Amino acid sequence: MESQPQPQPQPQPQPRRPRGFAATAAAAAASVSPTGAPSGSAGASTASSGKGKREREKEKERTKLRERHRRAITSRMLAGLRQYGNFPLPARADMNDVLAALAREAGWTVEPDGTTYRHSPPPQHQQHLGAFSVRSGESPLSATSLKNCSVKATLDCQQPVVRIDGSLSPASLDSVVIAERDTRSEKYPSTSPINSVECLEADQTGVINNFCQLADPDDVRQELSYMNSLNVDGVIVDCWWGIVECWNPQKYVWSGYRELFNYIREFKMKIQVVMAFHEYGRTDSADVLISLPNWILEIGKENQDIFFTDREGRRTTEFLSWGIDKERVLNGRTGVEVYFDFMRSFRTEFDDLFAEGLISAVEIGLGPSGELRYPSFSERMGWRYPGIGEFQCYDKYLQQHLREAAKLRGHSFWARGPDNAGHYNSRPHETGFFCERGDYDSYYGRFFLHWYAQALMDHADTVLSLANLAFEETKIIVKIPAVYWWYKTSSHAAELTAGYNNPTNQDGYSPVFEVLKKHSVTVKFVCYGLQICSYENDEAFADPEGLSWQVLNSAWDRGLKVAGENTLSCYDREGCLRIIETAKPRNDPDRRHFSFFVYQQPSPLVQGVICLPDLDYFIKCMHGDITGDLVP
């Protein structure tokens, strides 16, 4: 019988060396005698190891406390970003989610795998501003030649004096043309003939800082001297609510503006001031940020409904909701009372300048960017041209007004916003509300759009009543936006979300101008001196010229004075011609024209290639000092 092979013994694994707490326990066991008592000198080591164990336990507890504290801070940061910054962070967001959200907010593209890049440089904010005025006794331009008004790309062009400081206030000096002479203004008479258009250019970026101090008086003086050399009439100065009444309610600090106005007085220029009740700088192109007053933002943390709200509940802090115009939610004051107190403080502080005629007009900011509109196309909310925007009526105060209007109409179920109006970047044909024969023209749609536009007009009516009370006989100016995209469609969707009920079968501007006429204001309308890209026109069914024609004629037909402001800088002959033709139309049988024109100069990136002689020539063309044949 064959013997079976014996199995080979398997090697035994080496025992692992105990570490950490196991090593401590093993050492303690080794030091104990068979009877259970500590052997010899091991007693002392046992006591010391027990003490070390207690210290380690305490350190573990301290680590847990630190971790809980860190997580609590992170949780509050994430909650704040979601609540006040409208960041779409997931429920269990980590640091990567936060970084990605911040990068996207800054204009970067972040792929799911973490790849981060920017498609193109962000557009620069227009820093350098200027303005022209056309006098009321002026005849239209019949033969103004801009043959030589081309822009030369040279490197030895004169640069603007005022430099840009990102920590300071935004560009808030425009150029102004004063429309009519006033007996109170004789101390600052015009130096040019009655048939000329006077011009001013200025740059207040970095002039007034966030503590309402004049940042660099020497640079201001040099810049004003530069403007004066161009034979300008005056300047426009934005007076920011978020700077003057920043820290405490009804505590106004005007010191920086007083100093600035004194410099302007030395050059015998007139001033148009803007009561700027809006936020500045929350776009991709912003260089600085001027928020609403801090005490307002603190109230907003407890009551977010003081801000405009979209259908998804996202808030925008660009402007206070018109729903609180008559609600005492701002430390015992209503929205319009806050505006009135600010205007009255300015009028009292600078009473001497009003008496001298140095301050010739006041522009009242009635909405985002100082324009009479809803914040329906906010870049901060992700809007990009040519999106239709979104209705901004979902705060509890405006919703209460909507419920009251629906109940009064006898249809309580109409107390809601449209649920098929798309989102910020939708196109009209993609929605059931704005598409051809969409719900905007239904019984409900007409009711809602009328209410939405009426809220805008009621806000303007109330604030302008108080403005006239504060500024008495001073000229009041209101800025009307140019929402020209989707103008060639039947619904005019972008205008509807902005608050102008102007579809093809209705005139949405006439009711607004009837309200403005009651307060004898001057309407300032944004004009497009440069031709919009034809591709963009085709894609967005845009018609800036058609919109301008409707708005200007509607205002003129109601006897309102009209002024202009360009949104794109005039760099070439064609843009100059368009601006002049809009300001003083040659073929108007009633010889109507702008009262004044505010010209915004190009951004710093472009200023380096625009020469002073070219700008001077353009100003002379606007003044009427240079005549010739218009070039087609």
Side-chain angles (χ1 to χ4, degrees), residues 176 179-180 182 236-241 244-245 271-278 308 318-327 330 333-348 350 354 359-375 398 401 451-481 498-501 508-526 551-552 554-565 595-596 598:
V176 169
E180 301 162 295
D182 189 303
I236 295 179
V237 179
D238 284 330
C239 294
W240 294 96
W241 182 34
V244 175
E245 197 183 358
I271 302 172
Q272 284 186 9
V273 295
V274 179
M275 299 288 99
F277 296 112
H278 58 282
F308 282 108
E318 289 183 69
F319 204 86
L320 292 179
S321 168
W322 301 333
I324 66 167
D325 277 356
K326 299 180 181 180
E327 299 286 341
L330 303 177
R333 291 188 292 167
T334 66
V336 293
E337 286 175 345
V338 168
Y339 303 143
F340 176 68
D341 289 344
F342 182 85
M343 293 186 288
R344 183 173 55 182
S345 172
F346 178 85
R347 181 62 179 82
T348 302
F350 299 105
F354 281 95
I359 297 177
S360 61
V362 178
E363 181 178 326
I364 308 300
L366 293 174
S369 301
E371 300 172 340
L372 178 56
R373 65 174 176 85
Y374 287 88
L398 284 177
H401 295 173
W451 169 82
Y452 191 70
Q454 189 62 49
L456 175 144
M457 291 184 281
D458 290 344
H459 169 72
D461 189 19
T462 305
V463 176
L464 291 175
S465 296
L466 297 176
N468 277 316
L469 182 62
F471 297 113
E472 301 174 334
E473 298 180 358
T474 305
K475 182 196 303 180
I476 301 296
I477 301 169
V478 171
K479 187 175 180 181
I480 301 296
Y500 291 86
N501 190 11
Y509 292 94
S510 294
V512 176
F513 292 149
E514 289 293 345
V515 172
L516 300 185
K517 179 182 178 181
K518 184 170 71 172
H519 301 286
S520 302
V521 306
T522 296
V523 173
K524 186 165 77 171
F525 182 68
V526 178
V551 171
L552 298 181
S554 180
W556 277 327
D557 289 346
R558 280 153 187 79
L560 288 168
K561 294 180 181 179
V562 179
E565 174 180 315
S595 298
F596 62 88
V598 178

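All values reported here derive from a predicted model rather than from experimental measurement.
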Audit row: Phe350, Ile271, side chain to side chain contact (heavy atoms under 4.5 Å, CB included) steps and yes/no: CA-CA 12 Å; Phe350 299 105; Ile271 302 172; over 6 Å; no

Any side-chain heavy-atom pair of Asp341 and Glu245 under 4.5 Å: no

Trp241 and Phe342 aromatic ring geometry - parallel, tilted or perpendicular at 30°/60° bounds: perpendicular

Test item: Tyr374 side-chain N/O and Tyr452 main-chain N/O as donor-acceptor pair under 3.5 Å: yes

Spatial distance of atom CG (Leu469) from atom CZ (Arg347) [nearest 0.5 Å]: 11.5 Å

Close side-chain approach of Leu320 to Tyr339, heavy-atom, < 4.5 Å: yes

Minimal non-hydrogen separation, Pro368 against Arg373, with atom names: CD-O, 3.1 Å

Heavy-atom check, side chain of Ile480 versus side chain of Tyr500, under 4.5 Å: yes

Spatial distance of atom CG (Asp458) from atom CH2 (Trp451) [nearest 0.5 Å]: 10.5 Å

Minimum heavy-atom distance between Glu337 and Arg333, given as atom pair plus value: OE1-CA, 3.4 Å

Verdict with supporting geometry, Lys524 and Val598, side chain to side chain contact (heavy atoms under 4.5 Å, CB included): CA-CA 9 Å; Lys524 186 165 77 171; Val598 178; 4.2 Å; yes

Interatomic distance, Ser360 atom OG to Lys475 atom NZ [nearest 0.5 angstrom]: 6.0 Å

Leu516 side, atom CG; Asp461 side, atom CG - distance, nearest 0.5 Å: 9.0 Å

4.5 Å side-chain heavy-atom contact, Val526 and Glu371: yes

Check: His459 side chain, Asp325 main-chain N or O, donor-acceptor pair, under 3.5 Å: no

Gap between atom CG of Leu366 and atom NZ of Lys479 - 0.5 Å precision: 12.0 Å

Check: Tyr509 and Val523 side chains under 4.5 Å, non-hydrogen atoms: no

Leu552 and Trp556, any side-chain heavy atoms less than 4.5 Å apart: yes

Considering all heavy atoms, the nearest Leu372-Pro481 contact: O-CD, 3.6 Å

Test item: Val521 and Ile364 side chains (from C-beta on) under 4.5 Å apart, heavy atoms: no

Under 3.5 Å donor-acceptor, Glu327 side chain and Ile324 backbone: no

Closest approach of Trp322 to Ala455 (non-hydrogen atoms, all atoms of both residues): CE3-O, 4.0 Å

Between CE on residue Met275 and CZ on residue Phe471, distance to nearest 0.5 Å: 4.5 Å

Over all atoms of both residues, closest heavy-atom pair of Ala361 and Thr474: CA-CG2, 3.9 Å

Closest heavy-atom pair and its distance - Leu560, Lys517: CD2-CA, 3.6 Å

Partners meeting side chain to side chain contact (heavy atoms under 4.5 Å, CB included) with Thr348 (sequence neighbours left out): Arg344

